[in-house]
Amino acid sequence: MIRKLAIDGNAPAFPDGPPKWPSADDEVHDALATAFANGSWGVYEGPNCTAFRNELADFHSVKFAHLCCSGTMAVELALRGLSVGPDDEVILAAYDFAGNFRAICATGATPVLVDLAPDSWSMDVEQLQDAIGPNTKAIVASHLHGCELAIDAICEFAKSQGILVVEDACQAHGAKNGNKRAGTRGDVGVLSFGGSKLMSAGRGGAVLTNNELFYQRIKIYAGEGNDAFAMSELQAAVLRPQLAKLDERNAIRNQRVRLLLSDTKPIASVSPVRLPDVDGAVCYFKLPWLIADSNENSIDRSWVVAAAIAEGIQLGEGFRGFAKRSSRRCRKPVPLENAIMAAERTVMLHHPILLRPEQEVSLLAQTLSSIFQAMSERSETKN
């Protein structure tokens with residue numbers, strides 16, 4: 001069934017707008033009240049930071065967890081733990097969060113760009129060999145948009161070349177394939193607890209590792225300036241109850257995504273992410289679709305986003321990526337067509353609605369189908 005769209009003057013599917021995030025949570029409220037009552041909210045290092053550090057390490061089955069002020073700072077600290085610095089090169093996908101590029105530059109190292117794998121939002125492992133140079137020190141490999149990252153293959157390749165891996169799990173809190181969580185297969189892993197993340201403290205991040213030397217380097221660097229990049233006691237307090245609920249909430253999100261994609265009418269000009277074979281192997285912070293090539297069945301991405309927002313759906317554009325950045329700022333040894341395509345054509349659904357009842361997700365599927373169908377018809381009219 002094709003809905004009459006709000007962008008054309010009809011009633012929106014979700015008149016109250018998208019669900020608020022972070023959502024109301026009694027345990028979070030209680031944690032804040034306790035921190036206020038016992039006075040720990042104002043100390044440099046209180047019981048919640050200590051407990052959350054230990055809980056995070058236990059949850060991920062790693063020896064060490066270092067808390068910090070943001071996911072971007074976590075990436076920089078991870079790189080510094082690997083002794084990345086001036087004259088080094090760090091490989092990353094040309095489509096990724098901008099903070100990862102900046103974190104590499106902050107160490108004095110040079111970013112080296114590789115493409116996305118075909119029909120994917122993940123790094124193309126096949127291009128790594130061509131990207132390596134004499135100064136390559138590390139790879140930053142990101143779990144993005146609920147898309148499976150070939151992290152085992154990346155780590156195997158890196159080990160064979162004597163380079164190190166930063167596994168960015170900022171969008172993949174709790175994802176688990178086999179007995180390993182996202183963020184634990186690389187030499188170091190990073191997490192973000194920014195305001196939109198699956199676990200949110202407004203800001204905050206963490207670095208995970210089993211390597212004591214890397215951990216000590218991170219602590220030494222972070223210790224300069226009296227731990228200038230620290231997580232606050234209040235941030236740790238609100239994250240602890242969210243960590244306890246993470247697996248349960250991820251299971252709901254995974255079920256809702258399967259429902260959403262199965263109920264969304266297939267449109268030739270719109271491609272969704274491929275679902276993993278193993279349930280729980282990915283997490284859905286942003287759920288992506290790739291819209292058609294402008295040279296084939298053109299779709300105006302800005303119209304799609306505007307139509308979704310008019311319906312009360314939190315849909316946005318993908319990352320801008322780095323493929324068009326100056327060669328003075330990075331090295332680009334391989335073609336980057338898929339990354340350019342992703343930057344120009346990706347739309348992403350924000351996760352809060354995935355915790356809503358099934359009937360709302362079915363309405364979401366119906367509404368997105370109507371938007372995609374209407375956009376396809378507009379495209380055909382233009383052409």
Side-chain angles (χ1 to χ4, degrees), residues 19-60 62 64-78 80-81 97 99-100 102-103 106 166 168-175 181-184 188-209 215 218-219 221-250 283 285 350-352 355:
K20 297 187 185 307
W21 191 261
S23 59
D25 188 315
D26 290 340
E27 283 85 355
V28 169
H29 180 274
D30 292 346
L32 289 170
T34 300
F36 179 79
N38 65 23
S40 63
W41 64 274
V43 303
Y44 282 115
E45 174 78 18
N48 283 299
C49 282
T50 301
F52 183 56
R53 186 184 300 111
N54 293 334
E55 290 161 1
L56 205 58
D58 289 344
F59 181 81
H60 289 90
V62 297
F64 307 107
H66 180 85
L67 307 180
C68 60
C69 58
S70 71
T72 299
M73 195 65 226
V75 175
E76 182 179 339
L77 288 173
R80 294 189 183 278
F97 178 60
N100 289 358
R102 290 194 293 266
V166 175
D168 174 2
C170 292
Q171 287 198 6
H173 297 168
R181 303 245 185 211
T184 66
V188 288
V190 297
L191 301 172
S192 169
F193 307 117
S196 64
K197 294 299 191 299
L198 299 180
M199 290 195 299
S200 173
R203 298 281 183 178
V207 186
L208 310 170
T209 188
Y215 177 63
I218 290 167
K219 287 183 66 179
Y221 184 83
E224 296 179 7
N226 193 23
D227 200 2
F229 318 113
M231 175 181 286
S232 75
E233 178 69 8
L234 281 177
Q235 288 172 316
V238 302
L239 287 166
R240 292 181 63 198
Q242 294 179 69
L243 180 62
K245 297 178 180 179
L246 183 60
D247 281 342
E248 176 187 352
R249 287 176 169 175
N250 278 342
C283 290
F285 165 64
H350 194 34
H351 67 85
L355 292 178

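The structure presented is a predicted model; accordingly, all values stated were derived computationally and were not measured.
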Rounded to the nearest 0.5 angstrom, the CH2-OG distance for Trp21 and Ser200 is 7.5 Å
Under the side chain to side chain contact (heavy atoms under 4.5 Å, CB included) rule, what do Leu56 and Leu239 come out as? Steps first, then yes or no, please. CA-CA 10 Å; Leu56 205 58; Leu239 287 166; over 6 Å; no
Say you draw a straight line from CZ of Arg203 to CE of Met231; how long is it, rounded to the nearest 0.5 Å? 12.5 Å
Side chains of Asn100 and Val166: closer than 4.5 Å at any heavy-atom pair? no
Could you tell me how the ring of Phe52 sits relative to the ring of Phe193: parallel (under 30°), tilted (30 to 60°) or perpendicular (over 60°)? perpendicular
Within the side chain of Gln235, is there an N or O that forms a donor-acceptor pair under 3.5 Å with the backbone of Gly202? no
One should read off an interatomic distance between Ser70 OG and Leu191 CG, to the nearest 0.5 angstrom, of 12.0 Å
Taking all heavy atoms of Ser232 and all of Cys49, pick out the closest pair and write down the distance. O-SG, 3.7 Å
Least distance between heavy atoms, His60 atom then Arg181 atom: CD2-CB, 3.8 Å
side-chain contact (heavy atoms from CB on, under 4.5 Å) against Arg80, all qualifying residues, sequence neighbours excluded: Glu76, Thr107, Tyr221
When rounded to the nearest 0.5 angstrom, what is the spacing between NE2 in His173 and OG in Ser192? 6.0 Å
Please examine the side chains of Pro352 and Lys20, heavy atoms only from C-beta on, and report whether any two atoms are closer than 4.5 Å. no
Got Phe59 and Leu246 here, is their nearest side-chain heavy-atom distance under 4.5 Å? yes
Please work out whether the ring planes of Phe36 and Trp41 are parallel, tilted or perpendicular, with thresholds of 30° and 60°. parallel
Considering only heavy atoms from C-beta outward, does the side chain of His29 approach that of Leu32 to under 4.5 Å? no
For Leu77 and Cys68 the tightest heavy-atom approach is CD1-CB, 3.8 Å
What is the minimum heavy-atom distance between Gly174 and Asp247, and which atoms define it? O-OD1, 4.2 Å
From Phe285 CZ over to Ser196 OG, what is the distance, rounded to the nearest 0.5 angstrom? 3.5 Å
Looking at every non-hydrogen atom in both residues, tell me the closest pair between Val238 and Ala201 and how far apart they are. CG2-CB, 3.8 Å
Examine distances only and state if a side-chain atom of Glu27 and a backbone atom of Pro241 form a donor-acceptor pair shorter than 3.5 Å. no
Can you measure from CG (Leu198) to NZ (Lys245) and round to the nearest 0.5 angstrom? 14.5 Å
Is the shortest heavy-atom distance from the side chain of Pro22 to the side chain of Val28 under 4.5 Å? no
Heavy atoms of Ala172 and Ala182 approach each other most closely as O-CB, 3.7 Å
I'd like to know whether CZ of Arg53 has more than 12 heavy-atom contacts from other residues, nucleotides or ligands below 6.0 angstrom. yes
Do Lys219 and Tyr215 make a side-chain contact, defined as non-hydrogen atoms from C-beta onward lying under 4.5 Å apart? yes
